[in-house]
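The structure appears below as structure tokens.
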Amino acid sequence: MSVLDAPVTSAAPAAPTTGLTPIFVSLKLTLLRNGLRQSSGRRAVFVVSLVFTLLLAAAQVLGLVLLRGNEHAGTAVVLLTGVVALGWAVLPLFFPSGDDTLDPTRLVMLPLRPEPLIRALLVSSMIGIGPLFTLCLVVGSVLALAHGAAGIVFAVLAVPLTMLLCVALSRAVTTANVRLLNSRKGRDLAVLSGLVIAVGIQFVNFGAQRLGQAGGLSTLGPAADAVRWLPGASAVASVDAASDGSYGVAVAQLLITVAALVALMWMWQRSLVRLMTAPDGSTLAAAGPAREESGRGGLSALLPEGRTATVMQRNLRYVARDPKTKAAWVTALAVGAIVPLLNAVQGTGSVYFACFAAGMLGMQMYNQFGQDTSAFWMVALTISSPRDAYVELRARAFVLLLLTLPFTLIVCAVTAAVIGDWQALPGALGLSFALLGSMMATGAVASALYPYSIPQEGAFKNVVPGQGGLAWISILGGTLAAALLAAPVIVPTIWMHVTDHHDALWLLVPGGLAYGALVGWAGLRIAARRTAARLPEILTAVSKG
């Protein structure tokens, strides 16, 4: 019998494939485990974070359970749940925490259908410290509100619905903005986000202080009544309504959460399909001929010829054009102004709160070489001696002073005007100058001793994995050292106030200015020698991103 005469048999049925959801869950766990294996530092940070989160969650659950039976329990729990849901929507955009395992742009080339994909992403997103903390809060919230059989039934439904809503909200918002956040122009939103966070935190602090003065949770009743009908808190609010016998209200509030979850899943699916099928034009070159810059104009015309002018122009362009540098500066400017002014408006502040502005802006001196990322090798080629390193660092410090000194003067003057304490203004100015010079010195030294890389990908990632310890040592250690260096000005300031020598406070203005300049100059000299000696190590550290 020939091969052609052989009977035709049907192909054997294919073995059933594993569902996509178990694969994604296994992938998330595997990547998490492998990431912890990379270094003992990562494992230590993860364990400490997990323990801290569990302790905080346990304290929150205990506090919520103790609210059980309190007449204002519903108000507190509903507002808390609404804030948690808002955090899930907003914080992943500002602080994505390096979760690249669920980045949908990494799945573009894979033949995946959108419906199974969003289910797999939704379930795998439940794995992590954040979801665990949220689950504890939601469970504690329903425990504080559930009374009777109806309340328990609605509580059983409210917990998974709230968790699914939070995660779906987070992923839908992130997916809809992932290309925008990863594009060059889109990363400029980091400036706005930093400003929003800075302003928002200070207004939350302001509101909390006002709440304590106004008489507690009873004043938040109207706000809670409105939040009860918002999807983020309506499921938990339904537990409170069912426990009180308002079954129609409870069903309506639960249906709001269900409808919002369905709408979010639909929006997420549409964004995911568009992301994985539509071309990305965010990196296309702008139409029109490129502009050539020639000659010296503007600020460059005021600067002397040579390396100082070149370095200053380069760093000023970083501030104006680089999204991460711009975000750091705008956030520092916003927080530096908001903290003293809000406290002044409340009547609880002091003119010396204006020193916070100098402290926030002085932090921009830290990790100077890491701001250049992998392009630092071009700068390193021009440094062959401590003198070259000194001129480079001095020019960078001039940029810091160019932006910081006038801002510090304005904040101190406005704070003194709002409070009405012009007598303390000289002391605040002198202390600000000394603190700024001290941070300039410690920032330059920390830049040479503890440089770390700033990753280019990710709009809000400021440290590459494995270098978090260097960042903490550089910033936290340098800030504490700056406070100690400024002690020769801090001590006389305190002494003049204690001994009622307010008329002599004007001496602190030239004194603080001279001392800050001296300390800053000494720090730049020390940092220059360290930079020239450790140039290969610095280049290796800042090029890892």
Flag, side chain of Ser170 to backbone of Cys166, donor-acceptor distance under 3.5 Å: no
Smallest separation among heavy atoms of Ile490 and Ala483, with atom names: CD1-O, 3.9 Å
Flag, side chain of Tyr318 to backbone of Gln371, donor-acceptor distance under 3.5 Å: no
Distance, nearest 0.5 Å, that separates OH of Tyr390 from CZ of Arg529: 11.5 Å
Value rounded to 0.5 Å, distance of CG in Asp388 from CG in Leu535: 10.0 Å
Contact check, side chains of Ser432 and Cys412, non-hydrogen atoms, under 4.5 Å: yes
Parallel, tilted or perpendicular: rings of His497 and Tyr352 (30°, 60°): perpendicular
Inter-residue atom distance Leu400.CG - Met440.CE, 0.5 Å rounding: 7.0 Å
Point-to-point distance, once rounded to the nearest 0.5 Å, from OG1 of Thr493 to CG of Leu508: 4.0 Å
Nearest heavy-atom neighbours spanning Ala528 and Leu393: N-CD1, 3.8 Å
Arg394 and Thr308: CA distance, side-chain angles, deciding distance, side chain to side chain contact (heavy atoms under 4.5 Å, CB included) verdict: CA-CA 8 Å; Arg394 185 185 63 185; Thr308 298; 3.3 Å; yes
Side chain to side chain contact (heavy atoms under 4.5 Å, CB included) assessment of Trp422 paired with Val351: CA-CA 8 Å; Trp422 292 100; Val351 178; over 6 Å; no
Heavy-atom pair of closest approach, residues Thr81 and Ala233: CG2-CA, 4.1 Å
Glu392 and Arg314 ion-paired at < 4.0 Å: yes
Other residues, nucleotides, ligands: >12 heavy atoms within 6.0 Å of Phe376 CZ: yes
Exercise: identify the closest heavy-atom pair between Gln364 and Ala332: NE2-CB, 3.6 Å
By side chain to side chain donor-acceptor pair (under 3.5 Å) - contacts of Ser438 (at least two apart): none
Side-chain touch Arg525/Pro386, heavy atoms, less than 4.5 angstrom: no
Check: Val509 and Phe433 side chains under 4.5 Å, non-hydrogen atoms: yes
Non-hydrogen atoms of Ile475 and Tyr366 that approach each other most closely: CA-CD2, 4.3 Å
Side-chain touch Trp506/Leu425, heavy atoms, less than 4.5 angstrom: no
Intermediate values then yes/no, side chain to side chain contact (heavy atoms under 4.5 Å, CB included), Leu402 and Leu316: CA-CA 10 Å; Leu402 181 67; Leu316 286 172; 4.3 Å; yes
Flag side-chain contact, heavy atom, 4.5 Å: Leu381 against Trp377: yes
Minimal non-hydrogen separation, Thr415 against Ala354, with atom names: OG1-CB, 4.1 Å
Interatomic spacing from CG in Leu539 to CZ in Phe369 - rounded to 0.5 Å: 11.0 Å
Side-chain donor-acceptor pair present, Ser447, Arg396, cut-off under 3.5 Å: no
Side-chain (Asn315) to main-chain (Val399) donor-acceptor, under 3.5 angstrom: no
Donor-acceptor pair, side chain of Arg307 and main chain of Thr382, under 3.5 angstrom: yes
Test log, rule side chain to side chain contact (heavy atoms under 4.5 Å, CB included), inputs Phe407 and Leu403: CA-CA 7 Å; Phe407 183 77; Leu403 300 174; over 6 Å; no
From Met365 atom CE to Leu401 atom CG, the distance as rounded to the nearest 0.5 Å: 8.5 Å
